[in-house]
Amino acid sequence: MGVLRDAVSCTVTEERNGAFELEMVYPITGQHYSSLALRGLILAKPNPYGEAQYFRIYKISRPINGQVTVNAQHISYDLSGIPVGPCKALNAVDALQQLKSHAAVSCDYQFWTDIQTVADFAVAVPGSLRSLLGGVEGSVLDVYGGEYEWDNTTVKLHRQRGTDRGVTIRYGKNLTDLTQEESCAEVYTGVYPYWVDSDGNVTQITGNPVVNVPDGQYNFVRVLTLDVSQDIKEQPTAAQLRQAALDYISANKVGVPKVSLTLSFAQLEQTAEYADKALLERVCLCDTVHVQFAKLGVSADASCIKTVYDVLLERYDSVELGDVRSSL
């Protein structure tokens, strides 16, 4: 319809495997204001590096001081209105294709993944396509893991969407604010693996059934019970049970306290001083960055889990780092 050149503000917020929304403030006297309507589409860049994306309007506020607030969700949210019938798959590639082929209505979206994991995926009862991608138990994200990239009508499930570009956030350089929180609520000192057959008979490691966290030194004992029946089809040996426990410990870091870093930092890429080092200071969603703040004893790697991009100023308002989220 045209360019919304009179926008007062416009930001796009994207979270890792989470929300992807646009919020715009627009004057009622602005050009094309009358074209802003529910379910209309706004095209905007979500970050400094990606292609412009379509966002569908779902709410327009009442005018206040001659301005309205327009809220829109990424067009991929339309997948919530596409029902999918029961189906099964053996790997991530097949699972995405099965969701598309078993859609009860027309589905014009394309699906892509580089995840090669082999695992059973099943849709037992009909559900919305977007929820089956992630957000419910047994979803594609729940079974295969990964990080979603929503590219207009193409859904990309990356094994790892971000990368480590060597960016360091350091006090005195680009760190402007930092809050660190540690939680040991989900820390376990060991895992108790077991396997159950169809008759309810339990197989466990004889003697001491607990597999301790390797190299862990704790002044308490807290053991997690782990049912491996879904992952191991035949009755396992003690060695297989032990290996399954060690794999779980490694994959889920059950012996490590969760550390969340909420911080603000200057995007040096956007400054003249760092113009010739732009790629060294670029941070994108899902990237790994290195954080150093000696006064708080912080020296850790963290993932970029949320970005807020100012569409008008073409720069990030904020970037949030912390423990990655596991579901939509």
Side-chain angles (χ1 to χ4, degrees), residues 3-5 7 9-24 41-56 71-77 109-115 133-134 141 145-170 173-176 261-291 301-325 328:
V3 178
L4 297 171
R5 63 180 73 255
S9 67
C10 183
T11 58
V12 172
T13 300
E14 183 177 11
E15 299 180 13
R16 177 191 180 272
N17 288 342
F20 197 4
E21 298 205 8
L22 176 147
E23 182 173 287
M24 178 180 67
L41 292 171
I42 296 176
L43 184 67
K45 282 179 67 70
N47 57 63
Y49 322 111
E51 297 294 326
Q53 301 290 311
Y54 284 103
F55 295 84
R56 190 177 297 283
N71 296 96
Q73 296 172 322
H74 189 262
I75 195 172
S76 62
Y77 280 69
Y109 288 75
Q110 303 301 315
F111 299 88
W112 171 93
T113 183
D114 61 354
I115 295 177
L133 290 175
L141 189 64
E147 296 172 327
Y148 278 113
E149 178 185 359
W150 313 100
D151 184 9
N152 287 315
T153 56
T154 299
V155 178
K156 302 176 182 179
L157 179 58
H158 298 269
R159 182 180 61 83
Q160 183 177 352
R161 174 177 172 180
T163 186
D164 185 347
R165 305 175 198 272
V167 175
T168 299
I169 300 173
R170 184 184 298 113
K173 175 194 174 189
N174 52 355
L175 181 61
T176 59
L261 297 166
T262 301
L263 54 86
S264 299
F265 69 97
Q267 283 289 110
L268 296 184
E269 182 194 17
Q270 300 168 350
T271 64
E273 294 86 345
Y274 274 76
D276 60 338
K277 302 178 181 178
L279 290 178
L280 296 178
E281 294 300 323
R282 174 180 295 184
V283 177
C284 301
L285 192 68
C286 300
D287 277 0
T288 297
V289 298
H290 311 282
V291 182
D301 292 343
S303 294
C304 177
I305 59 174
K306 180 180 179 180
T307 61
V308 180
Y309 181 66
D310 190 312
V311 179
L312 305 184
L313 296 180
E314 298 183 340
R315 69 186 186 194
Y316 284 130
D317 269 357
S318 66
V319 175
E320 184 175 329
L321 311 176
D323 275 336
V324 296
R325 300 170 187 233
L328 289 175

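Values below: every heavy atom of this structure, side chains too, minus hydrogens, waters and symmetry copies.
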Out of the candidates V311, L4, L313, only one should pair with C10 under the side chain to side chain contact (heavy atoms under 4.5 Å, CB included) rule; please name it. V311

Closest contact, heavy atoms only, L312 versus A7: CD1-O, 3.5 Å

Apply ring-ring contact (aromatic ring centres under 6.0 Å, His included) to F111 and list each qualifying residue two or more places apart in sequence or on a separate chain. none

Least distance between heavy atoms, Y316 atom then C284 atom: OH-CA, 4.2 Å

Examine distances only and state if a side-chain atom of N152 and a backbone atom of I75 form a donor-acceptor pair shorter than 3.5 Å. no

Could you tell me if the side chain of E15 sits less than 4.5 Å from the side chain of K306, heavy atoms only? yes

Minimum side-chain heavy-atom gap N47-L285 below 4.5 Å: no

Locate the shortest heavy-atom distance separating D310 from T11; write the atom from each residue and the value. CA-CG2, 4.3 Å

Residues passing the side chain to side chain contact (heavy atoms under 4.5 Å, CB included) test with C286, sequence neighbours excluded, are R16, E147, R161

Let me see the working for V155 and W150 under side-chain contact (heavy atoms from CB on, under 4.5 Å), right down to the final yes or no. CA-CA 5 Å; V155 178; W150 313 100; 3.7 Å; yes

What residues, two or more places apart in sequence or in another chain, satisfy side chain to side chain donor-acceptor pair (under 3.5 Å) together with Q53? H74, D151

If you look at every heavy atom in P46 and Y309, which pair is closest and at what distance? O-CB, 3.2 Å

Distance-only, no hydrogens or angles: does the D114 side chain make a donor-acceptor pair with backbone N or O of R159 under 3.5 Å? yes

Does any non-hydrogen side-chain atom of H158 lie less than 4.5 Å from one of Y148? no

Taking only residues two or more places apart in sequence, or in another chain, which ones meet T113 in a side chain to side chain contact (heavy atoms under 4.5 Å, CB included)? A92, V93, L96, I115, L157

For the student: nearest non-hydrogen atoms of L141 and G134, plus distance: CB-CA, 3.9 Å

For D164, the salt bridge (Lys or Arg N to Asp or Glu O under 4.0 Å) test, sequence neighbours excluded, returns none

K45 side chain to G50 backbone, donor-acceptor under 3.5 Å: yes

Is there side-chain contact between D287 and T163, with heavy atoms separated by less than 4.5 Å? yes

Can you tell me if OH on Y77 sees more than 12 non-hydrogen neighbours from other groups inside 6.0 Å? yes

Going by side chain to side chain contact (heavy atoms under 4.5 Å, CB included), name the residues that satisfy it together with N71, two or more places apart in sequence or in a different chain. E23, Y58, K59, T69

